[in-house]
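Comments concern the structure below.
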Amino acid sequence: MGCPAGNKLSQTMTAPELRRAPLEEVLAGLNGPQREAVEHAEGPLLIFAGAGSGKTRVLTSRIAWLVANHKVWPDRLLAVTFTNKAAREMRARVERLVGAGAQQMWVGTFHATAVRVLRREAERLGLSKQFVIFDEDDTRAALKRVLDDLHLDQKRYPPSLIGHAISQAKNELVTPGSYPNRNYFDEIVRRCYVRYEELLRRSGGLDFDDLLVFWVRLLQNHEEALAKWRDRFRHVLVDEYQDTNHVQYVLVNLLAQEHRNLAVVGDVDQSIHGLRGADMRNIMDLQKGYPGAKVVRLAQNYRTSQAILDAAAHVLRHSAERAEKRLWTERLGGEKVTAIQAYNEVEEAEFVADEIERLRRRENRGYSDFAILYRTNAQSRAFEDVLARRRIPYRLVGGIRFWERREVKDLLAYLRFVFNPADAISFARIVNVPRRKVGPVSADAVVAAAAVGEGLAALSLLDVIERGDIPGVPRAALAPLESFRRQVESLRSVVGALHPSELIDHVVELIGLEAHYQDGTLQGEARLENLRELRGLAEEFDTLPPDEALEAFLTEVALVSDVDAYDENGEGVTLITLHMVKGLEFPVVFLVGVEEGLLPHARALEEPDGSQMAEERRLCYVGITRARDRLYLSCAFRRHLYGRSQPAFPSRFLGEIPQALMSSPGTGAAPVPPPRSEYRQRFTERSVQAAPVPPPVQRFKAGERVEHPSFGAGVVVKTTLTRTDEELVVKFDAKGLKILSGTLAPLKKL
DNA sequence: AGCGCTCAGCTTTTT
DNA sequence: GCTGAGCGCT
């Protein structure tokens, strides 16, 4: 949770306490290019900032410099980040340099900033001031309803797919009316899009994409608004610019085109959000839109040792032979990269746990020095199990998010519906929680009845219930609906007088939520615990006046993510996905599951044009460059996936790191990815295996001498027959122990 | 309306 | 291995 006071303070224009930081203090310790970027006075500025090059530092110093020495008032300055956490940190760091005046800066994510603007400009847009924000879950629920209404089969048209298409359209500023009609699927999407928009508008809801779309609409259609906001944001700074998409690009230009005080920071090598519509051209073509832009390249890395940085460069340029070095470091040498192949994901986790304990003793490191990075959330499980068993404290970032838990969503839906009784999605969620004998049929009928009639929310859901006699609602459901209405009305009558935490107590009490979740199971207990936690988070908003607090609380919870809650000073090993780890760094990094199908992900293997593969590469690059001192890359020989164990192959990325940079510890065998030409063949073989399986034959026996095209001659140490394969441990004369698949490995008997 | 059963499909994602 | 949709029964 962010600081609610921060939002409020910057909206009220009190006299700022501006501390004019002395120049030396702002510029202290900056290198040449960093200083150039900070001291650039006016006009467009493009900063290419490689991993670990002190980008955040430059951005915050620049803001401080602008404020302290260039007479820009903090509230005339907009800085956009991609996470709330980054925004919070930036504000805190600027505050250290320029004092409390920093609270007046507009610092936030695109979305959070959009909400602030839209709440002020709701009227101009014909938008309800009480708009609620639909998160991904609500969006999915809304789409399911839409698919139902249109009698579309959810198996053939998965809500996620339709939702993605609609989201993409919004990000490209394509309206339902202008949605292309190239094929049948387009037509389905277009129809859903139309209906989805109607449902959202009627519910007084905006989804994440809408926040940006409406902001653009405001600036494009209302000249006074454009003039006003352009004037307000005399300086616009954008972090992670390589990950901006089209609508964000348009927004930035609308705001900055005139005064041209635009500073963007980015690194194309860390662009990992292509699926979200991120377009690297935004940063690469910036000079076209802003001729004469000053370009600064930050190429010195302050984080990572040379060996690790070199490994990263090779993966990025997919070549073990030559890699363009875009970054340099003074931390020459350093530990080599350790690569290991474990038998399966459990042993992979055991290895990591062993290393953590070993380094803790040997190098006197704390648990928080370590991070385990993986491609998919599902991989965290094995690590959680092993770490818990060994009593190694860990922090899991992401996964099943707090905000997505059923009980949390239920309680929030109550608050949202009380705040905005037009919200059909929240209504449908809670009307039968706890059981009131109002099924989906009745709930739908109420929503449908409210939708009849002209204009937006002509009749509120509550009005419809109060009138009674709703077409399609069975007589038996009327009484429970009416008692639900009375409950909500009674909540609405007190909402302006209670602090958020009190309101939550009141809802839980009145609705009987505790009894509802308390089912005697451990899970029930966990749900109650989560309700209490939610109440605790709401307490942070108790300092605001009650009539504003609920809105602030609901907005905040709609826009938080799990990384936002990540505390850099916390204790414990960090478990986190590659996507979420961007921007963090750790002394020791374990990048795990470096396998074909996982990293690069299977989805990228299918894609013909290779753009997804390039992104996997950058994802791997991001992971590697998180490490300060030590980097481990691990993969497994077999991996448990979808409930069954499958053979796994070391990632091609491993083969792209020169041997000179790698070392293998005594345990396990160094993974060697198959030669490039073999990928297709091996993967075909693997999928054929899934078909009627030829019973595996024991072809080798211990002691037998064999030869392998890349490992040379060796002797079979052990052979095990599994259900689908013969597994071999072979000791090669030159390359040591390897685990091989008897059916797949090109082994010749000697 | 609600329960239990079976079966399919999926696991990439800053807000 | 888990979730969610669909179905039939009560």
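Quick note on labels: first sequence line is chain A, next is B, and so on, each numbered from 1.
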Taking the side chain of A/Q154 as its heavy atoms from C-beta onward, which of C/dA5, B/dT11, B/dT12 lies nearest to it? C/dA5
Indicate whether OP1 or OP2 belonging to B/dT13 is found under 4.0 Å from a side-chain N or O atom of A/N377. yes
Taking the nucleotide of DNA chain B with the closest heavy atom to each, which residue, A/H579 or A/R436, is nearer the 5' end? A/R436
Want to settle it: does A/N432 or A/K582 sit nearer the 5' end of DNA chain B, counting the closest nucleotide to each? A/N432
Could you tell me whether A/E615 contacts a base, only the sugar-phosphate backbone, or nothing, with contacts defined as non-hydrogen atoms closer than 4.0 Å? nothing
Is the A/W229 to A/W106 ring centre distance short of 6.0 Å? yes
Pair A/H516-A/E407, side chain to side chain contact (heavy atoms under 4.5 Å, CB included): steps then yes or no: CA-CA 10 Å; A/H516 176 239; A/E407 60 281 11; over 6 Å; no
Under 4.0 Å, counting only non-hydrogen atoms across every strand here, what does A/K85 touch: a base, just sugar-phosphate, or nothing? nothing
Between A/H601 and B/dT12, is there a side-chain N or O to OP1/OP2 distance below 4.0 Å? yes
Rounded to whole Å, the CZ-P distance (A/R644 to B/dC10) equals 14 Å
Please report the distance, rounded to the nearest Å, between CG in A/D148 and P in C/dG6. 8 Å
Looking only at B/dG2, B/dA1, B/dT14, the nucleotide nearest the A/M580 side chain is B/dT14
Rounded to whole Å, please give me the gap between NZ in A/K437 and P in B/dA1. 11 Å
When you measure from the side chain of A/D210 to the backbone N and O of A/D207, does any donor-acceptor pair fall under 3.5 Å? yes
Taking atom types as they are modelled, is there a donor-acceptor pair under 3.5 Å from the base of B/dT13 to the side chain of A/R276? yes
In whole angstrom, give the distance that lies between atom CD of A/E384 and atom C1' of C/dG1. 15 Å
With a 4.0 Å cut-off on heavy atoms, is A/L559 in touch with a base, just the backbone sugar-phosphate, or nothing at all? sugar-phosphate
Starting from C1' on B/dT11, measure out to CG on A/L161 and report it in whole angstrom. 15 Å
Salt bridge between A/R375 and A/E595, side-chain N to carboxylate O under 4.0 Å? no
Give the rounded distance in Å between these two atoms: CG of A/D243 and P of B/dT12. 19 Å
Applying a 4.0 Å non-hydrogen cut-off, can you work out what A/E136 is touching in the nucleic acid: base, sugar-phosphate, or nothing? base
Nearest whole Å is fine: how far is B/dT11 C1' from A/E616 CD? 14 Å
Among B/dC3, B/dT12, B/dT11, which nucleotide sits nearest the side chain of A/A378? B/dT11
Ranking B/dA1, B/dT13, B/dT12 by distance to the side chain of A/Q612, first place goes to B/dT12
NA contact type, A/R603, heavy-atom cut-off 4.0 Å: base, sugar-phosphate, or nothing? base
Look at the side-chain N and O atoms of A/S442 and state whether any lies under 4.0 Å from the OP1 or OP2 oxygen of B/dA1. yes
Under-4.0 Å side-chain N/O to phosphate OP1/OP2 contact, A/K144 with C/dG4: no
B/dT12 phosphate, OP1 or OP2, under 4.0 Å from A/R375 side-chain N/O: no
Could you label the plane-to-plane angle of the A/F82 and A/F110 rings as parallel, tilted or perpendicular, counting under 30° as parallel and over 60° as perpendicular? perpendicular
Are A/R145 and A/Y196 in a cation-pi contact, defined as NZ or CZ under 6.0 Å from the six-membered ring centre and within 45° of the axis? no
Can you tell me the distance, in whole Å, between the CZ atom of A/R639 and the P atom of C/dG1? 16 Å
